[in-house]
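Reviewing the structure listed below.
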Amino acid sequence: MDFDIIIVGAGPAGLSAAIRLAQLSQQHNKPLSIAVIEKGESVGSHIISGAVFEPRALNELIPDWLARQAPIHTPVTHGQFLFLTEKKSFRLPVPSPLRNDGNYIISLSQFCRWLAEQAESLGVQIFPGFAATDIIYEDNRICGIMTGDKGIDKNGQPTARYQPGMALRAKHTLFAEGCRGSLTKKLIEKFELQKNCDPQTYGLGIKEIWEIPEELHQSGSVMHSVGWPLNQKTYGGSFVYQFEKNLVSIGFVVGLDYQNPYLNPYEEFQRFKTHPAIAPLLKNGKRIEYGARAINEGGWQSIPQLFFPGGLLIGCAAGFVNVPKIKGIHNAMKSGMIAAESLFSSQDYEKNIQKSWIGEELYRVRNIRPAMKWGLFLGLIYSAVDTYIFRGKAPWTFHNQADYNSLKLSDQSEKMIYPKHDNLLTFDLLSSVYLTHSHYDENQPCHLKLKDPARAIEVNLKCYDSPEQRYCPAGVYEILNNEKGPYLQINAANCIHCKACDIKDPTQNITWTPPEGGSGPGYMLM
């Protein structure tokens, strides 16, 4: 199939690019065929974010979004920023990046479904349930993508429901796969897109949706915390957002540059919920959804080259998250809009990004996340100085290091023992995975590839006590034993597409590839 523009990924960046292209096409009476490919079974089913939403880009893209009944109903009414110890909480001044006047608490899954409706009303074709698995090149120029075969069994043989993948060709291809996209990773390597920037760094965000009693619910309340249960050397923190009718979005983010191989981000989140400042909110509530996703944290100095022959990177595929703000949706949308406008008018997309408010915003906060390598207290002090004295214009730029280099050896690390789950506030991992609504044909090939299977035992187990058993928030990886000794069991049907394994593996031995289109989580409120 041939199109003018193909967009890989129906997230906020991809859909905003599609909408803006369709708007320009109509305004200038220059018809364009635009296709959006989405690996999730439906638009929004693989989308997850906190999410406090800054409507700046939406106001530009669809000014009458309120009249069009966008699912944006909960304005932020008040916020707080806490420092936690094991038993106490201390209220700190809310830093200026975390002030949320004019912002809203939303479900990004619902919002993307609404954006898809707006795109389709403009003539954009959206194809959910199709995973983009390869890139088509002609004379070193991208000419489109291949979708994956369906109905292949675990031995690579066609089954009765076999459907071959399709070649989708286009003049331009926009990659909006989100954080650590599988095709984006290939493009970065092939075209050396990170040659002139720092390595990208990441956090792992783990999130639950709870329904709580009406008398405890404060619609529009936003709370963030730092401190316990993490130690002072480990970057991370929490969010608690109350929205809609009696719903709470609660989550925890751990920087994937942590050093202790025994740290378990999922269990840190479970511990966090037992804190006296949090537990009373949830103790009579009901947990209704669970999910996890890696988050770009590298900021300005880790943005790769954004263009290459025949294509562009947009949204979190490029890494436009503002970490101190804990927001990226507005920048993702704006990058898609700039890409559309740049393509339509044959302008320099990368220069337009740098000149936009995305560039201004990310440059101003570029040193705050890297400063956290000094520890929480020194990092907070520097952040205050950078924000209020230098105002983001310090005459230096701190640099980022790749997360997979940070782990210490297991025999140099303290073992971490986590408390037993109570099934009221804290839950075992498999009961959480159940709440992702994931589904797979378990007969399909394993989509998690080991470059060298022996390395999982000889390096990961012997040197680091198999950290993949702990950093995966879905129980995909297990060390089991048979008559030949220990081996790595990969439970691929548990995978919720967070990409932590692709990022954190200490020898970069694990490669995440898309499973059969439509497989994976089925988020509804994330």
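This one's a predicted model, so the numbers in the text were calculated from it and none came from an experiment.
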Verify the neighbour count for atom CG of D411: are there more than 12 heavy atoms of other residues, nucleotides or ligands below 6.0 Å? yes
Measure the acute angle between the ring planes of Y440 and H447, then classify it against the limits of 30° and 60° as parallel, tilted or perpendicular. parallel
May I ask you to check whether F111 and F53 place their ring centers less than 6.0 Å from one another? yes
Main-chain N/O of Y202 paired with D403 side-chain donor or acceptor, under 3.5 Å: yes
Sidechain-backbone polar pair: Q301 side chain, N400 backbone, donor-acceptor under 3.5 Å: no
For the NZ atom of K207 and the OH atom of Y290, what is their distance to the nearest 0.5 Å? 13.0 Å
Note: D441-K150 ion pair, threshold 4.0 Å (strictly below): no
Pairwise side-chain contact, N331 with L362, heavy-atom cut-off 4.5 Å (strictly under): yes
Verify whether one side chain among S432 and R287 offers a donor that lies under 3.5 Å from an acceptor in the other. yes
Is any side-chain heavy atom of L15 closer than 4.5 Å to one of V43? yes
Could you give the distance from OG1 (T133) to NZ (K39), rounded to the nearest 0.5 Å? 13.0 Å
Could you tell me whether the side chains of E341 and Y349 share a donor-acceptor contact shorter than 3.5 Å? no
Can you see whether Y266 has R470 sitting over its ring - NZ or CZ less than 6.0 Å from the centre and within 45° of the normal? no
In terms of side-chain heavy atoms, does D198 have a donor or acceptor partner in H399 at a distance below 3.5 Å? yes
Near-ring test F252/F272, centroid separation under 6.0 angstrom: yes
On a heavy-atom basis, which atom in P309 and which in N140 lie closest, and how many Å separate them? CB-O, 3.8 Å
Applying salt bridge (Lys or Arg N to Asp or Glu O under 4.0 Å) to R169 and D4, what does each step give before you reach the verdict? CA-CA 8 Å; R169 295 178 174 272; D4 292 309; over 6 Å; no
Donor-acceptor pair, side chain of N491 and main chain of N494, under 3.5 angstrom: no
Atom NZ of K233 with >12 non-hydrogen neighbours under 6.0 angstrom: no
Distance under 6.0 Å and angle within 45° of the ring axis: does K504 meet both against Y258? yes
Could you tell me if the side chain of P486 sits less than 4.5 Å from the side chain of L480, heavy atoms only? no
Salt bridge check: are R455 and E458 linked by an N-O gap of less than 4.0 Å? no
Measure across T201 and Q401 and return the closest heavy-atom pair with its distance rounded to 0.1 Å. CG2-O, 3.2 Å
Could you check whether any side-chain heavy atom of Q23 comes within less than 4.5 Å of a side-chain heavy atom of Q118, counting everything from C-beta outward? no
Name the residue from H497, E442, Q444, H439 that meets the side chain to side chain donor-acceptor pair (under 3.5 Å) definition with S519. Q444
For a quick check under 3.5 Å, do T436 and S438 share a side-chain donor-acceptor pair by atom type? yes
In terms of side-chain heavy atoms, does D149 have a donor or acceptor partner in Q163 at a distance below 3.5 Å? no
Treating T234 as the side-chain partner and L230 as the backbone partner, does any N or O pair qualify as donor plus acceptor under 3.5 Å? no
May I ask you to test the I457-I479 pair for a side-chain heavy-atom distance under 4.5 Å? yes
To the nearest 0.5 Å, what is the distance between CD on E41 and CD on E516? 11.0 Å
CG-CZ distance between L187 and F175, expressed to the nearest 0.5 angstrom: 4.5 Å
State plainly whether the residues R369 and D257 are in salt-bridge range, i.e. N to O under 4.0 Å. yes
Within 45 degrees of the axis of the six-membered ring of F269 and under 6.0 Å from its centre: does K273 put its NZ or CZ there? yes
Between N460 and D505, do the side chains contain a donor N or O and an acceptor N or O under 3.5 Å apart? yes
Short question: side chain of S466, backbone of Q469 - any donor-acceptor pair under 3.5 Å? no
Does K171, at its NZ atom, have more than 12 non-hydrogen atoms belonging to other residues, nucleotides or ligands within less than 6.0 Å? no
May I ask you to check if K190 and Y137 form a cation-pi contact, with NZ or CZ under 6.0 angstrom from the six-membered ring centre and within 45° of the axis? yes
Could you tell me if T184 and E177 have a donor-acceptor pair between their side chains, going purely by distance under 3.5 Å? yes
Without swapping roles, check the side chain of D134 against the backbone of M146 for a donor-acceptor pair under 3.5 Å. no
Measure the CZ-CE distance between R113 and M524 for me, rounded to the nearest 0.5 Å. 8.5 Å
Nearest 0.5 Å, what's the CD-CG distance between Q305 and L193? 5.5 Å
Counting C-beta onward and ignoring hydrogens, is there a side-chain heavy-atom pair between L168 and F3 closer than 4.5 Å? yes
